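Written below as structure tokens is the structure these notes are about.
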Amino acid sequence: MAQHNAFYAQSGGVTAVINASACGVIETCRRHSDKIGKVYAGHNGIIGALTEDLIDVSQESDEAIAALRHTPGGAFGSCRYKLKDIETHRAQYERLIEVFKAHDIRYFFYNGGGDSADTCLKVSQLSEKMGYPLTAIHVPKTVDNDLPITDNSPGFGSVAKYIATSTREAALDIASMCATSTKVFVLEVMGRHAGWIAAAGALAGNGEGEPPHLVIFPELPFQRAQVMQRVDEAVKKYGYCVIVVSEGARYEDGTFLADAGNTDAFGHRQLGGVAPTLAGMIKQDLGYKYHWAVADYLQRAARHLASKTDVEQAYAVGQKAVELALEGKNAMMPTIKRVSETPYEWRIEAAPLAEVANKEKFMPREYIREDGFGITEAGRRYLSPLIQGEDFPPFENGLPKVAKLDKIKVARKLPTFEL
């Protein structure tokens, strides 16, 4: 088997463990140096491929690559850049193939969520039409946990652990002050359409009166009067109320509680802060003193509190991506299969990208309590294994150590391309 080069890129919002997947891809490529020559990374994701802005990962030390496993963020730069429709913007896809051809890249590993799965599939299809032998494998990641087929998505378990922990810790703060001060605490978490992260907040408690007292999911319509009644009941019964709310909470007509009125690069509505919106309603309707917080980037960057399960799965899908490519599989995505619940066991399988691209997985109704404000035992059984175990990064001078990459650029061979 002749030796050819590989290309790896990160896409969309990063996670605490996306670099663990990068580590899995790169280390596995290095173990197969008889088939895979150099590994190039796209600087700032797919934009790096389009502009021929490539990083020569082959020049990074083994120690630096190993350190990716415990480094949050996107080590090579990510981007929110969705390739347009292949029929009307064919030039973009052809440019990718030209860059791959110029640098003898035959393996394409794209690490991202649903939109990047779609891009990976389109690149695979076009390379086939153009007669260029490219093996395209999608490496799953998304904190939203909304990729289909796979039991869960790498990146989610660590966010879930962070949110459940933060909910428990903040609840103790509120409980200690509620007699004379704050009565309500609202924590806003990510999750535009799927309430998986909000559901994870419910892991913080599991008994009568244990916070959070309300979880608000995007899958169910927000009913102000009903929510206010539950908040009031919790304060009167327990002295305080803790709420975990998804950023995608919406009314019956589909309008987001916190619609900021514009869209992002993918055409998704920009959301402007559901926590202060909800807190304002509580002040207006009930008069309670409140505090609110938005977990925002903290939840997806918290590698110091990553789930060991998540780190291991993130590395494993990166490793499996390379193995699938070397087996000649194309337009596939490694998936996580839950083999056993007790004890929790999993293995890595694979699914065709055509069954993954542009499909979202929402919280099943059987995971949401009948009253709509918490999770069922089935939901708890699903979520709980994903936050298990600790995988602390090494610390130095009291702070976590992170990978230091040289990021040596590859000499360009093609004319400049305008995005």
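What you see is a predicted model, and the numbers here were worked out from it, not measured in a lab.
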Exercise. Write down the atom of V99, the atom of A49, and the distance for their closest heavy-atom approach.
Key: CG2-O, 3.2 Å
Quiz item: Does T142 use its side chain to pair, donor to acceptor, with the backbone of D144 at less than 3.5 Å?
Solution: yes
Quiz item: Are the side chains of F156 and D310 in touch, meaning some heavy atoms are under 4.5 Å apart?
Solution: no
Exercise. Just grab all the ring-ring contact (aromatic ring centres under 6.0 Å, His included) pairs involving residues 373-392, residues at least two apart or on different chains.
Key: W196-Y382, Y367-Y382
Quiz item: More than 12 foreign heavy atoms under 6.0 Å from OH of Y297: is that the case here?
Solution: no
Practice problem: Return yes when atom CG of D253 has more than 12 non-hydrogen atoms of other residues, nucleotides or ligands closer than 6.0 Å, and no otherwise. | Solution: yes
Quiz item: Between T165 and R168, is any side-chain donor less than 3.5 angstrom from a side-chain acceptor?
Solution: no
Quiz item: So which of T135, T28, I36 actually passes side-chain contact (heavy atoms from CB on, under 4.5 Å) with L326?
Solution: I36
Quiz item: With a 4.5 Å limit on heavy-atom distance, are the side chains of Y290 and K283 in contact?
Solution: yes
Quiz prompt | Any residue meeting ring pair (Phe, Tyr, Trp, His ring centres under 6.0 Å) with Y162, in chain and number order, not counting sequence neighbours | solution = none
Exercise. Could you walk me through whether L121 and M333 pass the side-chain contact (heavy atoms from CB on, under 4.5 Å) test, one step at a time?
Key: CA-CA 10 Å; L121 177 61; M333 182 184 85; over 6 Å; no
Quiz item: Taking only residues two or more places apart in sequence, or in another chain, which ones meet R412 in a salt bridge (Lys or Arg N to Asp or Glu O under 4.0 Å)?
Solution: none
Quiz item: Is the closest side-chain heavy-atom distance between N5 and Y40 below 4.5 Å?
Solution: yes
Practice problem: Would you sort out whether D56 and K38 count as a salt bridge (charged side-chain N to carboxylate O under 4.0 Å, His left out), showing the intermediate values? | Solution: CA-CA 7 Å; D56 188 353; K38 292 189 173 185; 3.8 Å; yes
Quiz item: So, S307 side chain and G157 main chain: donor-acceptor pair closer than 3.5 Å or not?
Solution: no
Quiz item: L83 versus L50: any side-chain heavy-atom pair under 4.5 Å?
Solution: yes
Exercise. Taking all non-hydrogen atoms of both residues into account, name the closest pair between I55 and V410 and its distance.
Key: C-CG2, 4.1 Å
Quiz item: For the atom pair OH (Y240) and CD1 (I174), what is the distance rounded to the nearest 0.5 Å?
Solution: 9.0 Å
Quiz item: Which pair of non-hydrogen atoms, one from K329 and one from I137, has the smallest distance, and what is that distance?
Solution: O-CD1, 3.5 Å
Quiz prompt | F100 ring center within less than 6.0 Å of F7 ring center | solution = yes
Exercise. Compare all side-chain heavy atoms of V215 with those of I243 and state whether any distance is below 4.5 angstrom.
Key: no
Practice problem: Run the numbers on Q59 and V57 for side-chain contact (heavy atoms from CB on, under 4.5 Å), then give the verdict. | Solution: CA-CA 5 Å; Q59 298 198 48; V57 180; over 6 Å; no
Quiz item: Any ion pair linking E377 and R381 (charged N to carboxylate O, less than 4.0 Å)?
Solution: no
Quiz prompt | Check: T277 side chain, G273 main-chain N or O, donor-acceptor pair, under 3.5 Å | solution = yes
Self-check item: Cation over ring face, R250 and F222, 6.0 Å, 45°
Solution: no
Quiz prompt | Point-to-point distance, once rounded to the nearest 0.5 Å, from OG of S11 to NZ of K141 | solution = 6.0 Å
Quiz item: With distance as the sole test, does S158 use its side chain to make a donor-acceptor pair with the main-chain N or O of G155 at under 3.5 Å?
Solution: no
Exercise. Give a yes or no on whether a salt bridge exists between E390 and K161, defined as a side-chain N under 4.0 angstrom from a carboxylate O.
Key: yes
Exercise. Look only at the side chain of T376 and the backbone of E366, and say whether a donor-acceptor pair between them is shorter than 3.5 Å.
Key: yes
Exercise. Determine the minimum heavy-atom distance between P218 and G248, stating which atoms define it.
Key: CB-O, 3.4 Å
Quiz item: Is there a side-chain contact between V245 and V189 (heavy atoms, below 4.5 Å)?
Solution: no
Quiz item: If you measure only the distance, is there a donor-acceptor pair under 3.5 Å linking the side chains of E52 and H103?
Solution: yes
Exercise. Compute the centroid of each ring, for F395 and then for H304, and state whether the two points are separated by less than 6.0 Å.
Key: no
Quiz item: Do K407 side-chain atoms and A75 backbone N/O form a donor-acceptor pair below 3.5 Å?
Solution: yes
Quiz item: Do you see a donor-acceptor pair shorter than 3.5 Å between the side chains of Y8 and N111?
Solution: yes
Quiz item: Going by heavy atoms in the side chains, are P154 and I336 under 4.5 Å from each other?
Solution: yes
Self-check item: Positive for side chain to side chain donor-acceptor pair (under 3.5 Å) with N19, one of R303, R69, Q10, H70
Solution: Q10
Quiz item: In chain order, what residues pass the salt bridge (Lys or Arg N to Asp or Glu O under 4.0 Å) check against R300, with sequence neighbours excluded?
Solution: none
Self-check item: Pair Y315-E27, side chain to side chain donor-acceptor pair (under 3.5 Å): steps then yes or no
Solution: CA-CA 10 Å; Y315 185 92; E27 288 187 343; 2.6 Å; yes
Practice problem: Please identify each residue that fulfils ring pair (Phe, Tyr, Trp, His ring centres under 6.0 Å) with Y110, with sequence neighbours left out. | Solution: F108
Exercise. Please name the pair of heavy atoms, one in R365 and one in E370, separated by the smallest distance, quoted to 0.1 Å.
Key: NH2-O, 3.2 Å
Practice problem: With sequence neighbours excluded, tell me which residues meet side-chain hydrogen bond (donor to acceptor under 3.5 Å, both in side chains) with D53. | Solution: H43, K409
Quiz item: What's the spacing between I46 CD1 and S78 OG if we round to 0.5 Å?
Solution: 10.5 Å
Exercise. Please report the shortest heavy-atom distance between A204 and A164, naming the atom on each side.
Key: CB-O, 3.4 Å
Quiz item: Can you check whether A194's main-chain N or O pairs, donor with acceptor, with K361's side chain at less than 3.5 Å?
Solution: no
Quiz item: Would Q313 and N152 count as having a side-chain donor-acceptor pair, cut-off 3.5 Å?
Solution: yes
Quiz item: With no hydrogens and no angle check, do the side chains of D118 and N358 hold a donor and an acceptor under 3.5 Å apart?
Solution: yes
Quiz item: Within a radius of less than 6.0 Å around CD of E128, do more than 12 heavy atoms belonging to other residues, nucleotides or ligands occur?
Solution: no
